[in-house]
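For reference, the structure is listed below as structure tokens.
Protein chains get the first letters and strands the later ones, always in sequence-line order, with residue 1 at the start of each.
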Amino acid sequence: MVSGFASAGHMGMAEECFRDAPEKEDAVLWTAMVSGYMDAGNVDKAMEFFQAMPVRNLVSWNAVLAGYVKNSRAEDALRVFKTLVRDANVRPNESTLSSVLLGCSNLSALGLGRQIHQWCVKLPFSRRVTVGTSLVSMYCKCGDLEGACKRFSEMRTRDVVAWNAMISGYAQHGDGREAIRMFEKMKHKGVEPNCITFVAVLTACIHTGLCDFGIQCFESMQEAYGIEPRVDHYSCMVDLLCRAGLLERSVNLIRSMPFEPHPSAYGTLLAACRVYKNLEFAEFAAGKLIEQNPQSAGAYVQLANIYAAANQWANVSRVRRWMKDNAVVKTPGYSWVEIKGVIHEFRGESEGANANEAQ
DNA sequence: CTAGGGTTAG
């Protein structure tokens, strides 16, 4: 019940249940509170519970480790990992390693990642898929693509997740063609791609400018693999089409989506409209963005700039009035400089909906 | 109760 409330984000209820529990020594109960608060982003509360635990097991330690990483506190995660290895009377397992390697990735701490890699080779479970995949991912994110390839080739079994890590690694490093080659190889080996595979492949297409192949993938994921595209797939497609200058196709795709697109899709479109000087679609994209977030200045400014570039000054002032009517708050820009030990702060113009001087 | 893979604009 405690973990039920915790996973639903009702920490108040979870805490009530926790207090009423008959067995106070139960590590499972305490760990549910720790991970519940970690998931809710309340690291301090989570650690209060962890410190107060009468009995800790490996899962409790892993919950703290994973929680720190999730809440972008990788340094703390690594600190906990050191104490875990040194003086906690628990032996790390796969999930310990996954979390700590992800922590290394977030810090781009390649040296430390390598050290942990060397150290974990000796462990009995080091050859499992999960550990291998975590290593591949860590090497990719720390910029050592060669290291990632080595780990990948050492793996005895490679499931979808392992392939996805390698494919997206190539895609992230701008080697879209190699990513696509891996994708073909994966299919050849009989591993079924899943929805995340296609996000990685579409990303690779974006980076490599392979518009037609991307469209082909998008279609085949539905027809050949029965995977329904999600918001992220649509976002990739919008980006792909926009970069190729196919604005109309991109708008049609957005219109055909069975759900609301991610706001960034409109942002991508708007930016592309500026490049390709398309006023009609710019109005459409900016309108949607403003509808979703009328107080934010970004879309108005973009739109006004597009009109200005087309010498449509009447429209520029229309956008300005529109901004005023919606009481747009422009977050003021700050800058500071240190002169002889004194910090001088400057604040940009904050009021006034002057679309030209913004940006 | 913990734990491996994911993207894009400016």
- Query: Which ones in residues 103-131 of chain A lie close to DNA chain B, meaning a heavy atom under 4.0 Å from one of its atoms?
  - Reply: V129(A), T130(A)
- Query: Taking the side chain of S3(A) as heavy atoms from C-beta outward, which of dA3(B), dC1(B), dA9(B) is closest to it?
  - Reply: dC1(B)
- Query: Roughly, in whole Å, what's the span from CD in Q302(A) to P in dA9(B)?
  - Reply: 13 Å
- Message: Please report the distance, rounded to the nearest Å, between CD1 in I206(A) and P in dA9(B).
- Response: 8 Å
- Task: Under the ring-ring contact (aromatic ring centres under 6.0 Å, His included) rule, collect the residues that match up with Y170(A), sequence neighbours excluded.
- Result: none
- Can you name the residues that form a side chain to side chain contact (heavy atoms under 4.5 Å, CB included) with T130(A), not counting sequence neighbours? E94(A), R128(A)
- Any chance you could pull the hydrophobic cluster mates of L102(A), using side-chain heavy atoms under 4.5 angstrom and chaining through other members? V69(A)
- Message: Classify S264(A) by what it touches in the nucleic acid, base, sugar-phosphate, or nothing, heavy-atom distance under 4.0 Å.
- Response: base
- Item | Nucleic acid contacts of residues 134-151 of chain A, taken as heavy-atom distances under 4.0 Å to DNA chain B | S134(A), S137(A), K141(A)
- Item | Minimum-distance nucleotide to N194(A) side chain [options: dG5(B), dT2(B), dT7(B)] | dG5(B)
- Members besides M13(A) in its Ile/Leu/Val/Met/Phe/Trp/Tyr cluster (side-chain heavy atoms under 4.5 Å): M1(A), F5(A)
- Using a cut-off of 4.0 Å on non-hydrogen atoms, how would the nucleic acid contact of I196(A) be classed: base, sugar-phosphate, or nothing? base
- Query: Which ones in residues 64-86 of chain A lie close to DNA chain B, meaning a heavy atom under 4.0 Å from one of its atoms?
  - Reply: A66(A), K70(A)
- Task: State which of dT2(B), dG5(B), dC1(B) makes the closest approach to the side chain of V161(A).
- Result: dG5(B)
- Message: Checking the side chain of Y276(A) only, and the main-chain atoms of R243(A) only, is there a donor and an acceptor separated by less than 3.5 Å?
- Response: yes
- Side chain to side chain, E260(A) and Q292(A), heavy atoms closer than 4.5 Å: yes
- Other than V59(A), which residues form its hydrophobic cluster under the rule that side-chain heavy atoms must be closer than 4.5 Å? none
- Task: Starting from C1' on dT8(B), measure out to CZ on F218(A) and report it in whole angstrom.
- Result: 14 Å
- Would you kindly give the CZ-to-C1' distance between F198(A) and dT8(B), to the nearest whole Å? 18 Å
- Message: Let's test your reading of the model: under 3.5 Å, does the base of dT2(B) pair with the side chain of S95(A) as donor and acceptor?
- Response: yes
- Expected list for residues 234-259 of chain A near DNA chain B, using heavy atoms below 4.0 Å, is S235(A), C236(A), D239(A), R243(A)
- Message: Does R230(A) reach a base, just sugar-phosphate, or nothing at all? Heavy atoms under 4.0 Å.
- Response: base
- Message: Among dA3(B), dT2(B), dG5(B), which nucleotide has an atom closest to any side-chain atom of N164(A)?
- Response: dG5(B)
- Item | Distance-only donor-acceptor check, side chains R318(A) and N315(A), under 3.5 Å | yes
- Query: Rounding to a whole Å, what distance do you find between M182(A):CE and dG5(B):P?
  - Reply: 17 Å
- Hey, are the side chains of L241(A) and C211(A) touching, using non-hydrogen atoms and a 4.5 Å cut-off? yes
- Message: Quick check: W30(A) with F50(A) (ring centres under 6.0 Å apart)?
- Response: no
- Task: Starting at CG of L246(A), measure out to CG of L253(A) and round the result to the nearest 0.5 Å.
- Result: 11.5 Å
- Item | Pairs touching residues 188-221 of chain A that satisfy ring pair (Phe, Tyr, Trp, His ring centres under 6.0 Å), sequence neighbours left out | F183(A)-F198(A), F198(A)-Y225(A), F218(A)-Y234(A)
Return all side-chain donor-acceptor pairs below 3.5 angstrom for residues 73-82 of chain A, not counting sequence neighbours, or 'none' if the list is empty.
{"from": "R73(A)", "atom 1": "NE", "to": "D76(A)", "atom 2": "OD2", "distance (Å)": "2.8"}
{"from": "R73(A)", "atom 1": "NH2", "to": "D76(A)", "atom 2": "OD2", "distance (Å)": "3.2"}
{"from": "D76(A)", "atom 1": "OD1", "to": "R79(A)", "atom 2": "NH1", "distance (Å)": "2.6"}

Side-chain donor/acceptor pairs under 3.5 Å, residues 109-125 of chain A, sequence neighbours excluded:
{"from": "R114(A)", "atom 1": "NH2", "to": "D144(A)", "atom 2": "OD2", "distance (Å)": "2.9"}
{"from": "H117(A)", "atom 1": "ND1", "to": "Y139(A)", "atom 2": "OH", "distance (Å)": "2.9"}

